[in-house]
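Heads up: the structure comes next, in structure tokens.
We count ligands from 1, going down the list as the structure has it; atoms in each ligand are counted the same way.
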Amino acid sequence: MLHSLRDKLGLSARVYETGNGVGGTWYWNRYPGARCDTDSYIYCYTFDKQLLQEWEWTERYPEQPEILRYLNHVADRFDLRKDIRFNACVTEASFDEKANRWTILTAEGDVVTAKYFIAAVGCLSSSNLPKFKGLETYKGKHYHTGQWPHGGIDFTAKRVGIIGTGASAVQAIPEIAQQAKHLTVFQRTPNFCVPARNGKIDPAVVNTRKADYDAICERVRNSYFGYELSFIEKSALEASPEERERVFNEMWDQGGFNFWLANYQDMLFNKEANEVCAEFLRRKIRETVKDPVLAEKLIPKTYPYGTKRQPLDTNYFETFNKPNVLLVDVNETPIEEITPKGIRTSDREYECDIIVFATGFDAMTGPLTKINIRGRGGQLLSQKWSDGPHSYLGVAVAGFPNMFTITGPGSPSVLSNMPVSIEQHVEWITGCLEHMRKHGIATMEARADAEMQWTEHVAELANASLLPTANSWYLGANIPGKPRVFMPYLGGVGPYRQKCDDIAAKGYEGFTFAA
Ligand code: N01
């Protein structure tokens with residue numbers, strides 16, 4: 001976005017960043033095993049063809065340090081740092097209706113005004129540290145996966161407790177278990193995991209992809225989820241059990257998101273179809289985990305497959321066969337408090353030298369509502385969204401002129417390959433600003449009726465699927481008191497891009513402009 005504002009539009013622009021370096025997610029999430037769940041060749045920027053050709057990824061799924069190196073490389077290559085103010089946490093942004101300008105404040109004392117306010121705060125950047133009683137009495141060290149210390153942590157000879165079994169924990173648990181003397185995993189909801197099948201990439205494959213990048217980008221931009229994957233155009237129930245078994249095994253062997261995003265087309269819509277997919281994965285867990293009682297605890301039974309974000313694993317279930325790993329099901333024995341020595345559940349105390357909170361994020365709305373963003377009439381965004389997010393296209397909010405939210409709630413965002421959706425929003429916002437400049441427009445604002453219709457459309461698509469039936473962070477179910485509203489847009493990356501482009505072509509239908 002900075003590159004587009006400055007180098008394409010010739011605007012003066014400044015980025016404010018809490019961290020002391022670029023990278024966002026990949027700057028903060030440095031826990032052991034952190035790597036991307038998307039194939040590296042499509043987990044990158046596509047706006048610069050030379051950059052695409054030059055950068056060499058070493059693995060199918062790049063590890064956090066490699067992605068951070070890439071993002072630093074991009075920052076250097078496009079000379080971005082000179083317009084980024086690091087170590088600056090934005091606390092307030094308010095729209096001045098007389099001046100038609102935003103005033104932005106940081107915790108460090110900056111006060112700046114700007115015509116446009118673009119929130120590129122990420123969807124999963126506001127860590128959720130549940131309020132466990134007694135945490136302040138704990139004598140050991142504790143860390144959240146999303147705010148990991150830069151020097152790393154040495155788990156050697158340590159007794160470690162980890163709370164949570166989402167995508168972050170699924171990556172971290174096998175790595176921590178290798179180092180630690182003992183690892184206790186506190187599980188609230190078991191997860192359907194599929195093997196990542198990471199590895200080096202064959203140089204011949206790299207060359208073929210590089211030669212085909214234009215077509216790859218086109219396919220990904222017009223796909224449903226931002227991947228080179230599409231559903232099988234058939235019901236899982238129409239396929240014979242033999243055919244299903246063959247297809248499921250193929251997807252299982254391919255690893256990655258294939259099982260999730262290239263499955264039978266009714267898998268996310270029809271309970272029965274979903275159940276046959278879920279049963280295949282449950283069988284895999286039973287085959288992997290040696291202790292049958294333990295296996296049953298690790299098997300998800302309370303929500304349909306694929307309705308929570310698919311974690312990819314490398315030896316996750318195998319790790320529970322190790323003698324130094326213990327699973328505690330907190331549904332059977334809830335965590336009552338953190339004690340000076342560790343974690344106490346309803347039946348005993350587990351002593352830990354280190355506690356890892358893999359407890360996720362206040363997703364999508366959290367990073368925006370924790371900033372005091374005030375629109376017209378001083379209205380707080382957090383108040384406007386007290387019953388869930390209201391947004392037009394997930395990119396603009398009625399009453400908040402000249403504010404844009406990159407991958408905001410109501411856009412495909414977390415139901416897509418993020419770089420693809422980020423680039424789409426950046427291109428679209430750049431187009432808006434160009435349009436405003438060309439027509440001498442001072443403010444652009446989503447209309448309340450357009451916003452209402454879009455918000456209803458987002459809900460309607462979600463409700464036609466099984467996704468809202470799980471207690472996932474997609475609906476804010478992980479945050480006590482958060483309204484249960486499905487936040488990302490399920491209409492697909494390609495169709496969404498088309499809608500955004502059509503709206504632009506019609507002179508930004510659904511927006512009002514003032515000179
Ligand atoms: O967070 P999560 P995450 N007591 O919310 C549990 C992306 N990501 O950091 O399921 C006990 O998924 C909670 O339990 P439950 C990806 O989009 C990407 O793992 O709410 N447990 C759950 O098990 C992902 O989905 C990548 O019942 C509590 C866990 O903590 C998203 O980030 C890698 C609890 C939180 O899981 C978030 O993943 C990693 C409590 N009070 C993550 N509160 C890659 O692309 C919460 N939990 C590689």
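Of all the atoms in ligand 1, the ones that sit under 4.0 Å from a non-hydrogen atom of Y31 are 33 (C), 39 (C). Short contacts between ligand 1 and L124, defined as distances under 4.0 Å to a heavy atom of the residue, involve ligand atoms 7 (C), 17 (O), 31 (C), 32 (O). Taking every non-hydrogen atom of G164 and a distance limit under 4.0 Å, the qualifying atoms of ligand 1 come out as 6 (C), 23 (O), 29 (C), 30 (O). Per-residue contacts place R35 under 4.0 angstrom from the following atoms of ligand 1 (heavy atoms of the residue considered): 44 (C), 48 (C). If you number the atoms of ligand 1 from 1 as listed, the ones under 4.0 Å from a heavy atom of I163 come out as 11 (C), 21 (N). Atoms of ligand 1 found under 4.0 Å from any heavy atom of F132, numbered from 1 in the order shown, are 4 (N), 40 (C), 41 (N). Below 4.0 Å from some heavy atom of A167 lie the following atoms of ligand 1, by number and element: 19 (O), 24 (C), 39 (C), 42 (C).
Counting only N and O atoms by type, the side chains of Y303 and T469 include no donor and acceptor under 3.5 Å apart. In this model, a donor atom of one side chain and an acceptor atom of the other lie less than 3.5 Å apart for T339 and E349. Side-chain atoms of N198 and E59 form a donor-acceptor pair, as typed in the model, at a separation below 3.5 Å. For the 3.5 Å distance criterion, the side chains of Y27 and N20 qualify, holding a donor opposite an acceptor. A donor and an acceptor atom, one from each side chain of S346 and T333, are nowhere located under 3.5 Å apart. For the residue pair H457 and Y489, a side-chain donor N or O sits within less than 3.5 Å of a side-chain acceptor on the partner. Judged purely by distance below 3.5 Å, without hydrogens or angles, the side chains of Y61 and Q171 never pair a donor atom with an acceptor atom. E336 and T345 form no side-chain donor-acceptor contact under 3.5 Å, judged by distance and modelled atom types alone.
Remark: among candidates R188, K308, E63, the nearest residue to atom 40 (C) of ligand 1 is R188, based on non-hydrogen atoms. Heavy-atom proximity to atom 30 (O) of ligand 1, evaluated over P130, A470, S472, A358, is greatest for A358. Nearest-residue assignment for atom 2 (P) of ligand 1 (options W473, F357, Y474; heavy-atom criterion): W473. Taking only non-hydrogen atoms, the option from T38, T165, D362 nearest to atom 22 (C) of ligand 1 is T165.
Here the protein heavy atom with the shortest distance to atom 1 (O) of ligand 1 is G360 CA, 3.1 Å. Remark: minimum distance from atom 38 (O) of ligand 1 to any protein heavy atom is reached at S168 OG, 3.8 Å. Protein heavy atom nearest atom 36 (O) of ligand 1, with residue, atom name and distance: G166 CA, 3.5 Å. Nearest to atom 26 (C) of ligand 1 among the protein's heavy atoms is R309 NH2, 3.7 Å.
Both tests do not hold together for R484 against F486: distance to the six-membered ring centre under 6.0 Å, angle to the ring axis within 45°. A cation-pi arrangement, defined by a distance under 6.0 Å to the six-membered ring centre and an angle within 45 degrees of its axis, is absent between R188 and F186.
Residue N478 has no N or O atom closer than 3.5 Å to an N or O atom of ligand 1. Checking only distances, D37 does come within under 3.5 Å of ligand 1, N or O to N or O. At under 3.5 Å, a nitrogen or oxygen of T189, whether backbone or side chain, sits near a nitrogen or oxygen of ligand 1.
Centroid-to-centroid, the aromatic rings of Y264 and F231 stay 6.0 Å apart or farther.
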